[in-house]
Amino acid sequence: MLRAEEFVERARGLGYDWYAGVPCSILTPFINYAIGDSGLSYVSSANEGDALACAAGAFVGGRRPVVMMQNSGLGNAVNPLASLAYVFRIPALLIVTLRGDPAHEDEPQHELMGTITGGLLEQLSVPWEYFPSESGAVGSALERAQAHFEREERPYAFVMRKGTIAPHTLAAGKRAVPLRSHAKPVTERTRDPETRHSRIEALRRVIELTPEHNSIVVATTGYTGRELFALADRANHFYVVGSMGCASSLGLGLSMVRPDLKVVVIDGDGAALMRMGNFATIGAYGGSNLVHVVLDNEVHDSTGGQSTVSAGVSFATVAAGCGYAMAVEGDELRCLDDVLKAKAAAGPRFVRLRIRPGTADNLPRPTLSPHAVSRRLMAHIGTGSISPNGFPS
């Protein structure tokens with residue numbers, strides 16, 4: 001049986017010091033060790049897909065991430081594995097526990113996933129092997145993962161069986177999550193829906209307020225990223241072309257590892273609703289350099305204008321209740337000014353701007369590949385020492 005530190009310390013020697021995940025009883029020793037070591041970062045995500053997206057942001061910012069999850073959580077991570085990690089080429093190290101292992105009796109809800117875990121990873125183009133159970137096997141396992149990262153720049157998984165890791169008690173007094181006070185939400189309605197500003201107008205104002213030299217703009221999938229690209233394609237832009245709802249998690253991870261930069265996430269109402277659990281994670285871990293913008297037109301614009309349920313939601317109240325340091329919503333562009341120009345607060349800032357539906361005719365798509373977009377940003381912000389294939393060293 002392996003002790004958690006025998007793997008974690010060997011991995012740390014290769015630069016893996018940033019962890020995100022969702023707990024599983026099999027992972028308890030790993031999580032307890034990461035929380036108890038002040039030299040390691042651990043983000044307790046609301047779901048496994050958000051953990052992976054947060055790790056993607058940490059990678060873009062220059063860290064080598066490890067993502068931990070139960071195999072049941074692979075379902076939550078399928079979308080970002082396929083449309084974020086794969087297309088943007090994010091070499092995250094995955095540790096996936098094997099509940100429902102045919103070799104061990106388990107609860108009935110794990111039976112099916114226990115038989116398909118390996119096949120599911122393979123279908124997602126994620127090579128995998130069983131987590132090493134002996135200290136002497138750790139080095140070679142990490143070498144195989146490292147070789148894959150440098151060759152393919154995509155995730156590699158260790159599948160952990162029950163009984164692989166010895167127990168590790170959580171250090172006394174240690175908390176993984178900081179406690180935050182709640183802001184008072186500010187809500188203002190001044191316009192009829194048909195007279196609201198367009199997304200183009202809102203994005204133009206965001207560009208004016210995000211200098212290229214000291215800020216990063218992460219745009220959600222759909223028309224938001226496409227309009228941002230059409231207005232100005234800058235090296236500090238990251239267009240999330242897939243993985244709907246994951247832009248805020250990616251922005252969180254990036255902002256955590258690069259506190260020297262302002263990170264502005266531009267979400268849509270549909271995307272924000274899809275992964276609203278990440279509001280709580282941002283509220284707990286986000287710093288004063290993170291600004292979360294939701295441009296809310298109350299529809300899924302790029303798929304035909306079907307209504308979302310956002311009209312009845314107070315996003316600012318949700319953000320304030322989740323620990324954001326500032327939470328504003330309204331109809332005027334000055335809401336963006338108020339939040340983006342605000343002095344540093346004791347945590348992340350939020351603004352929801354209500355806009356009208358619609359976009360320009362013949363709207364272009366980004367001409368850079370997702371891989372090129374991510375590596376351009378990494379080069380722009382000086383992410384570590386970047387090898388020819390884009391892997392930080």
Side-chain angles (χ1 to χ4, degrees), residues 18-24 27 30-31 34-35 40-61 63 65-70 73 75-77 79-81 84-85 90 92 94 174-183 185 216 218 220 238 240 243-259 263-294 313 315-327 345-352:
W18 200 94
Y19 290 75
V22 177
C24 170
L27 285 169
F30 259 71
I31 296 173
I35 293 172
L40 298 173
S41 298
Y42 175 71
V43 174
S44 178
S45 295
N47 67 62
E48 294 80 3
D50 284 341
L52 179 61
C54 197
F59 168 77
V60 172
R63 302 288 281 273
V66 181
V67 183
M68 301 183 289
M69 67 183 74
Q70 186 180 113
N76 288 327
N79 180 267
L81 278 171
L84 178 64
I90 305 297
L94 310 181
K174 286 288 184 178
R175 288 184 58 89
V177 182
L179 297 177
R180 293 272 176 82
S181 59
H182 293 173
I216 297 170
V218 179
T220 190
F238 191 104
V240 182
S243 54
M244 182 173 171
C246 289
S248 62
S249 299
L250 189 146
L252 172 61
L254 182 50
S255 69
M256 289 179 68
V257 303
R258 291 303 301 265
V263 178
V264 179
V265 175
I266 309 174
D267 244 339
D269 46 303
L273 290 167
M274 181 175 285
R275 292 190 178 270
M276 192 176 279
N278 196 50
F279 277 60
T281 311
I282 291 174
Y285 293 99
S288 61
N289 65 324
L290 179 60
V291 180
H292 188 186
V293 178
V294 171
V313 175
F315 284 104
T317 301
V318 172
C322 286
Y324 285 65
M326 185 178 186
R349 288 164 277 169
F350 176 84
V351 55
R352 177 250 203 117

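Take Ala46 and apply the side-chain contact (heavy atoms from CB on, under 4.5 Å) test, not counting sequence neighbours, and it matches Asp50, Thr281. Residues forming a ring-ring contact (aromatic ring centres under 6.0 Å, His included) with Phe315 (at least two apart in sequence, or on another chain): none. Evaluation of the side-chain contact (heavy atoms from CB on, under 4.5 Å) rule for Ala319 yields Phe279, Tyr324, Ala327, Phe350 as partners, not counting sequence neighbours. Judged as a side-chain contact (heavy atoms from CB on, under 4.5 Å), and not counting sequence neighbours, the contacts of Ser288 are Ala344. The side-chain contact (heavy atoms from CB on, under 4.5 Å) test applied to Ala247 returns Val218, Thr220, Val240, Val265, Asp267, not counting sequence neighbours.
Put simply, OH on Tyr285 and OG on Ser255 are 13.0 Å apart, with the number rounded to the nearest 0.5 Å. To the nearest 0.5 Å, atom CZ of residue Arg275 and atom OG of residue Ser248 are 9.0 Å apart.
Contact detail for Ala92 and Val67: the closest heavy-atom pair is CB-CG2, 4.3 Å. Taking all atoms of both residues into account, the shortest heavy-atom contact from Gly21 to Tyr42 is O-OH, 3.6 Å. Between Gly283 and Pro348 the shortest heavy-atom distance is CA-CG, 4.4 Å. Minimum heavy-atom separation, Leu84 to Ile90: O-CG1, 4.2 Å. Contact between Asn289 and Arg258 at its shortest, heavy atoms only, is ND2-O, 3.2 Å. Heavy-atom minimum distance, Ala53 versus Ser249: CB-CB, 3.6 Å.
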- Run the side chain to side chain contact (heavy atoms under 4.5 Å, CB included) check on Phe30 and Cys24 step by step: do they pass? CA-CA 10 Å; Phe30 259 71; Cys24 170; over 6 Å; no

Practice prompt. Walk me through it: do Leu81 and Leu94 pass the test side chain to side chain contact (heavy atoms under 4.5 Å, CB included)?
Written response: CA-CA 11 Å; Leu81 278 171; Leu94 310 181; 4.0 Å; yes

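In this structure, the side chain of Asn76 does not engage the main chain of Gly49 through any donor-acceptor pair within 3.5 Å. Between the side chain of Tyr19 and the main chain of Ile35, no donor-acceptor pair closer than 3.5 Å is present.
Annotation: side chain of Leu52 is not in contact with side chain of Glu48 (no heavy-atom distance under 4.5 Å).
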